[in-house]
K.L.:
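Sharing a structure with you now.
Chain identifiers are assigned alphabetically (A, B, ...) following the order of the sequence lines, protein sequences preceding nucleic acid strands; residue numbering begins at 1 within each chain.
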Amino acid sequence: MQLATWNVNSLGVRLPQLLDWLKAHPVEALVLQETKLTDDKFPQAEIEAAGYHVVFHGQKTYNGVALLSRSPATDVVRNIPGFADQQARVIAGTVNGIRVIGGYFPNGQAPDSDKFVYKMGWLTALREWVRGQLAAHPELVLMGDYNIAPDDRDVYDPVAWAGQIHCTDEERTHFQQLLGLGLSDAFRLFDQPPKIWSWWDYRNLAFRKNQGLRIDHILVSQALVPSVQSCEVDKPTRKNERPSDHAPVLVTLSR
DNA sequence: ATGACCCCCCAGGGGGGA
């Protein structure tokens with residue numbers, strides 16, 4: 001079975017692509033980020049007609065997350081418990097015994113900004129919550145748009161991006177601390193070719209020049225590592241006529 | 001080439017993304 005994450009950059013715009021994508025990629029579960037829809041406008045009927053259960057947590061204009069699954073998700077959680085947050089960034093549920101957590105991590109804007117301070121606090125709250133989730137659910141996947149490029153290998157121009165948002169030591173330390181909970185970056189469980197990204201700027205002909213970052217990740221718990229068969233970025237979806245700036249990322253499990 | 005986008009808001013430009 002496959003699990004996947006995709007920052008769709010407006011589900012209102014991308015719904016037809018999502019429905020096409022699900023036909024071509026009948027994944028067991030998919031988390032979405034940047035749906036940018038309040039819950040009353042969420043296209044639940046269309047997604048259910050495509051054969052998926054769905055739970056969601058949105059807001060106007062910004063952020064918004066959803067969890068689609070072939071079987072219903074149970075124990076659904078919206079946002080990080082105990083962390084007061086005006087922004088809709090997390091949705092979690094248990095699907096076929098696997099705890100699936102989808103996150104739209106804060107961007108952070110710039111290392112000297114208030115938004116960076118928020119990003120750091122959010123990451124700390126997420127880590128402490130996920131620590132408990134792992135104790136309760138040994139089979140766990142934490143996936144989404146992390147807005148962190150974990151390593152210089154994940155950046156098309158690491159010199160130009162050194163110290164910039166997504167690439168600061170503080171963000172990378174947070175990523176390592178998530179791994180320290182007992183999670184593994186599914187993509188790095190395998191030898192990978194260089195220059196694999198999950199996001200390409202709309203500007204500067206970035207996709208055509210393959211100038212991007214790998215900031216969308218699937219972290220799996222140790223109990224799941226033996227069943228991970230592959231982890232791939234679905235780059236062709238970024239070539240669609242009216243694409244999101246992110247490509248989906250998929251993990252394949254032997255179950 | 002010192003360029004180059006897209007989506008939201010909601011009606012002319014501004015905020016945000018990464």
Side-chain angles (χ1 to χ4, degrees), chain A residues 5-18 21 31-43 56-66 85-90 102-120 122-123 126 143-172 174-175 187 195-218 233-235 237-249:
Chain A
T5 177
W6 189 14
N7 180 326
V8 291
N9 186 17
S10 171
L11 185 55
V13 171
R14 230 66 67 190
L15 179 62
Q17 279 185 47
L18 171 65
W21 191 88
V31 290
L32 303 178
Q33 302 89 41
E34 289 208 80
T35 55
K36 300 186 179 180
L37 294 173
T38 50
D39 291 350
D40 59 305
K41 295 193 169 130
F42 193 89
F56 42 90
H57 177 44
Q59 65 182 90
K60 194 176 181 182
T61 310
Y62 305 116
N63 312 310
V65 286
D85 198 344
Q86 297 304 113
Q87 307 184 23
R89 295 188 173 276
V90 170
Y104 175 46
F105 292 36
N107 173 298
Q109 199 169 54
D112 61 353
S113 67
D114 290 345
K115 289 174 182 173
F116 191 82
V117 175
Y118 165 72
K119 183 174 193 171
M120 295 297 106
W122 190 95
L123 283 161
L126 177 76
M143 58 184 173
D145 177 358
Y146 281 59
N147 275 316
I148 300 172
D151 196 282
D152 281 354
R153 291 176 294 175
D154 303 311
V155 182
Y156 73 93
D157 186 346
V159 174
W161 281 80
Q164 301 298 310
I165 197 66
H166 307 109
C167 301
T168 65
D169 290 343
E170 294 96 322
E171 291 164 282
R172 287 176 168 178
H174 271 289
F175 188 85
F187 184 80
K195 303 186 195 307
I196 302 291
W197 324 122
S198 66
W199 169 85
W200 299 257
D201 202 313
Y202 283 124
R203 297 167 289 189
N204 308 323
L205 306 174
F207 184 72
R208 220 168 74 185
K209 296 190 281 192
N210 195 32
Q211 296 180 340
L213 307 176
R214 192 177 71 92
I215 53 176
D216 300 85
H217 308 296
I218 301 179
V233 177
D234 172 29
K235 190 172 177 182
T237 288
R238 184 60 175 76
K239 296 179 188 169
N240 283 346
E241 187 173 335
R242 197 178 175 189
S244 169
D245 44 356
H246 295 254
V249 181

K.L.:
Might you confirm whether atom CG of A:Asp114 has over 12 heavy atoms from other residues, nucleotides or ligands at distances under 6.0 Å?
P.N.:
no
K.L.:
Closer than 4.0 Å, any side-chain N/O of A:Lys115 to the OP1 or OP2 of B:dG17?
P.N.:
yes
K.L.:
Under 4.0 Å: is that the gap between some side-chain N or O of A:Tyr202 and OP1 or OP2 of B:dG16?
P.N.:
no
K.L.:
For A:Phe187, enumerate each residue passing the ring pair (Phe, Tyr, Trp, His ring centres under 6.0 Å) test, keeping only those at least two apart in sequence or located in another chain.
P.N.:
none
K.L.:
Would you say A:Asn9 places a side-chain N or O within less than 4.0 Å of OP1 or OP2 belonging to B:dC6?
P.N.:
no
K.L.:
So, is A:Asn7 close to the B:dA18 phosphate, meaning a side-chain N or O under 4.0 Å from OP1 or OP2?
P.N.:
yes
K.L.:
Can you tell me how far C1' in B:dA11 sits from the matching atom in B:dA1, rounded to whole Å?
P.N.:
34 Å
K.L.:
Considering only atom C1', compute the distance from B:dC8 to B:dA18 and round it to an integer number of Å.
P.N.:
16 Å
K.L.:
For the residue pair A:Trp161 and A:Trp199, does the interplanar ring angle fall in the parallel (under 30°), tilted (30 to 60°) or perpendicular (over 60°) class?
P.N.:
perpendicular
K.L.:
Whole angstrom is fine here: how far is it from CD in A:Gln59 over to C1' in B:dC7?
P.N.:
14 Å
K.L.:
Run the side-chain contact (heavy atoms from CB on, under 4.5 Å) test against A:Thr38 and tell me which residues pass, sequence neighbours left out.
P.N.:
A:Asp40, A:Lys41, A:Lys60
K.L.:
Among all residues two or more places apart in sequence or in another chain, which pass the ring pair (Phe, Tyr, Trp, His ring centres under 6.0 Å) test with A:Phe175?
P.N.:
A:Tyr146, A:His217
K.L.:
Could you spell out the base pairing of DNA chain B as a dot-bracket line? Use Watson-Crick and G-U wobble contacts where both distances are under 3.5 Å, [ ] for crossing pairs, | for partners on a different strand.
P.N.:
....(((((...))))).
K.L.:
With sugar-phosphate meaning primed atoms plus P, OP1 and OP2, does A:Asn63 contact a base, only sugar-phosphate, or nothing at under 4.0 Å between heavy atoms?
P.N.:
nothing
K.L.:
To the nearest Å, how far apart are A:Tyr118 OH and B:dA18 P?
P.N.:
12 Å
K.L.:
Expressed as a whole number of angstroms, how long is the span from A:Lys119:NZ to B:dA18:C1'?
P.N.:
9 Å
K.L.:
If we count only N and O atoms by modelled type, under 3.5 Å, do the side chains of A:Asp85 and A:Tyr118 hold a donor and an acceptor together?
P.N.:
yes
K.L.:
Applying a 4.0 Å non-hydrogen cut-off, can you work out what A:Phe207 is touching in the nucleic acid: base, sugar-phosphate, or nothing?
P.N.:
nothing
K.L.:
Any N or O donor-acceptor pair linking the side chain of A:Asp201 to the base of B:dA18 at under 3.5 Å?
P.N.:
no
K.L.:
Rounded to the nearest 0.5 Å, how far does CG of A:Asp152 lie from SG of A:Cys167?
P.N.:
7.5 Å
K.L.:
Roughly how far, to the nearest 0.5 Å, is the CD atom of A:Gln87 from the NE2 atom of A:His57?
P.N.:
10.0 Å
K.L.:
Checking A:Tyr104 now: which residues fulfil ring pair (Phe, Tyr, Trp, His ring centres under 6.0 Å) with it, not counting sequence neighbours?
P.N.:
none
K.L.:
Would you say that A:Asn7 contacts A:Asp216 through its side chain, given a criterion of any heavy-atom pair below 4.5 Å between the two side chains?
P.N.:
yes
K.L.:
Under a plain distance cut-off of 3.5 Å, with no hydrogens placed, do A:Ser244 and A:Asn9 share a side-chain donor-acceptor pair?
P.N.:
no
K.L.:
Identify, with sequence neighbours excluded, every residue that meets side-chain contact (heavy atoms from CB on, under 4.5 Å) alongside A:Pro243.
P.N.:
A:Arg238, A:Asn240
K.L.:
Expressed as a whole number of angstroms, how long is the span from A:Gln33:CD to B:dG17:C1'?
P.N.:
14 Å
K.L.:
Could you check how far CH2 of A:Trp199 sits from P of B:dG17, rounded to whole Å?
P.N.:
13 Å
K.L.:
Compute whether any side-chain donor of one residue and acceptor of the other, for A:Thr237 and A:Gln17, lie under 3.5 angstrom apart.
P.N.:
no
K.L.:
Relative to the 5' end of DNA chain B, which residue comes earlier, A:Pro106 or A:Lys209, by the nucleotide with the nearest heavy atom?
P.N.:
A:Lys209
K.L.:
Quick one: A:Tyr62 OH to B:dC7 P, roughly how many Å, whole number?
P.N.:
15 Å
K.L.:
Applying side-chain contact (heavy atoms from CB on, under 4.5 Å), can you list everything that pairs with A:Leu15, at least two apart in sequence or on another chain?
P.N.:
A:Leu11, A:Leu18, A:Leu19, A:Pro43, A:Glu46, A:Ile47
K.L.:
Quick check for you: among B:dC10, B:dC5, B:dC7, whose closest atom lies nearest to any side-chain atom of A:Arg203?
P.N.:
B:dC5
K.L.:
Does anything in residues 239-246 of chain A reach DNA chain B, meaning a heavy atom under 4.0 Å, and if so which residues?
P.N.:
A:Arg242, A:His246
K.L.:
Please determine whether a side-chain nitrogen of the Lys or Arg among A:Arg203 and A:Asp245 lies less than 4.0 Å from a carboxylate oxygen of the Asp or Glu.
P.N.:
no
K.L.:
Taking only residues two or more places apart in sequence, or in another chain, which ones meet A:Tyr202 in a ring pair (Phe, Tyr, Trp, His ring centres under 6.0 Å)?
P.N.:
none
K.L.:
For atom P, what is the distance between B:dG3 and B:dG16, given to the nearest Å?
P.N.:
23 Å
K.L.:
Is it possible for you to check whether A:Lys209 lies under 6.0 Å from the centre of the six-membered ring of A:Tyr156, through NZ or CZ, and within 45° of that ring's axis?
P.N.:
no
K.L.:
Enumerate all atom pairs, one protein N or O and one N or O from nucleotides 1-3 of chain B, separated by less than 3.5 Å.
P.N.:
none

K.L.:
For A:Arg14, which contact category applies under a 4.0 Å heavy-atom criterion: base, sugar-phosphate, or nothing?
P.N.:
sugar-phosphate
K.L.:
Could you walk me through whether A:Asp145 and A:Gln33 satisfy the side-chain hydrogen bond (donor to acceptor under 3.5 Å, both in side chains) test, starting with their C-alpha distance in whole Å, then the side-chain angles of each, then the deciding distance to 0.1 Å, before giving a yes or no?
P.N.:
CA-CA 7 Å; A:Asp145 177 358; A:Gln33 302 89 41; over 6 Å; no
K.L.:
For B:dC8, take OP1 and OP2 only and decide whether either is under 4.0 Å from a side-chain N or O of A:Ser10.
P.N.:
yes
K.L.:
I'd like the C1' distance from B:dG14 over to B:dC10, given in whole Å.
P.N.:
12 Å
K.L.:
Measure the distance from NZ on A:Lys60 to C1' on B:dC10 and round it to the nearest whole Å.
P.N.:
9 Å
K.L.:
In residues 145-157 of chain A, which residues come under 4.0 Å of DNA chain B by heavy atom?
P.N.:
A:Asp145, A:Asn147
K.L.:
Nearest-Å distance, CD (A:Gln87) to P (B:dG16)?
P.N.:
11 Å
K.L.:
Check DNA chain B against residues 158-165 of chain A and give the residues with a non-hydrogen atom under 4.0 Å, in numerical order.
P.N.:
none
